[in-house]
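Input: a single structure, listed below in structure tokens.
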Amino acid sequence: MKQSLRNQEVQLLQTECGRVFDYVFKAMKLVRDEKHNFHVVYKTMTDEYIYSFCNPFQDTLATNTYKLISEAEAKKIFLPRLTSENAHELFTTAKASFALHA
């Protein structure tokens, strides 16, 4: 019996600009907006933010795109939808406006 792990696939996250990240992050948050779109942000170990967006109700099988965004852009998207505790995990000086979403 051959016991080899050489052909094991490694999944990496690649941004639109071509940067590649493994799946180790300081923080990761998923929020849903009022139109049922999902927004995901990853905070890397070097304090960069990677953003992805999808609508699960679309019939397309398009792959997710990931792009690097600034902390200001991440705050604009995520602060209104996060609790203070969750915002603090993602942003060092966060003050969330805590939207009351179920």
Side-chain angles (χ1 to χ4, degrees):
M1 176 196 285
K2 187 175 180 179
Q3 295 182 3
S4 175
L5 298 176
R6 289 185 193 156
N7 294 331
Q8 197 174 36
E9 279 191 41
V10 176
Q11 300 250 338
L12 300 173
L13 187 146
Q14 183 172 357
T15 64
E16 290 177 328
C17 65
R19 295 222 10 228
V20 177
F21 297 87
D22 60 16
Y23 281 109
V24 178
F25 300 102
K26 281 186 182 179
M28 182 179 82
K29 299 295 174 192
L30 167 73
V31 296
R32 186 182 73 197
D33 65 20
E34 54 282 347
K35 296 179 182 176
H36 303 289
N37 297 310
F38 288 101
H39 304 268
V40 183
V41 68
Y42 305 87
K43 183 175 182 181
T44 70
M45 295 305 220
T46 55
D47 294 332
E48 295 172 287
Y49 294 88
I50 302 169
Y51 172 70
S52 182
F53 163 91
C54 75
N55 182 329
F57 300 108
Q58 290 179 339
D59 289 333
T60 63
L61 296 175
T63 59
N64 287 348
T65 56
Y66 300 93
K67 63 181 183 175
L68 288 172
I69 62 172
S70 68
E71 183 175 5
E73 290 173 294
K75 284 182 177 180
K76 183 179 176 182
I77 297 166
F78 290 90
L79 275 182
R81 295 180 175 93
L82 294 174
T83 65
S84 293
E85 182 179 320
N86 280 329
H88 185 68
E89 290 175 7
L90 198 56
F91 308 110
T92 52
T93 58
K95 292 183 181 177
S97 62
F98 188 67
L100 295 174
H101 293 277

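No experiment lies behind these values; they were computed from the predicted model shown.
Residues meeting the side-chain hydrogen bond (donor to acceptor under 3.5 Å, both in side chains) test with Thr44, sequence neighbours left out: Thr46. Checked against side-chain contact (heavy atoms from CB on, under 4.5 Å), Lys26 has the following partners two or more places apart in sequence or in another chain: Lys43, Met45, Asp47. Legend: residues meeting side-chain hydrogen bond (donor to acceptor under 3.5 Å, both in side chains) with Asn37, ordered by chain and number and at least two apart, are Asp33, Asn55. With sequence neighbours excluded, no residue satisfies side-chain hydrogen bond (donor to acceptor under 3.5 Å, both in side chains) with Ser52. Take Phe38 and apply the side-chain contact (heavy atoms from CB on, under 4.5 Å) test, not counting sequence neighbours, and it matches Leu30, Arg32, Cys54, Pro56. Residues forming a side-chain hydrogen bond (donor to acceptor under 3.5 Å, both in side chains) with Tyr51 (at least two apart in sequence, or on another chain): His39.
Atom CZ of Phe91 is separated from atom NZ of Lys75 by 6.5 Å, given to the nearest 0.5 angstrom. Atom NZ of Lys29 sits about 7.0 Å away from atom CG of Leu82, to the nearest 0.5 Å. In this structure, CZ on Phe53 lies 10.0 Å from CD1 on Ile77, to the nearest 0.5 angstrom.
Inter-residue side-chain proximity for Tyr49 and Glu73 is flagged as unmet; no heavy-atom pair is nearer than 4.5 Å. Tyr66 has its side chain out of reach of Phe21: every pair of non-hydrogen atoms, C-beta onward, lies at least 4.5 Å apart.
Summarising the geometry of Leu90 relative to Ala27, their closest heavy-atom pair is CD1-CB, 3.9 Å, with the distance given to 0.1 Å.
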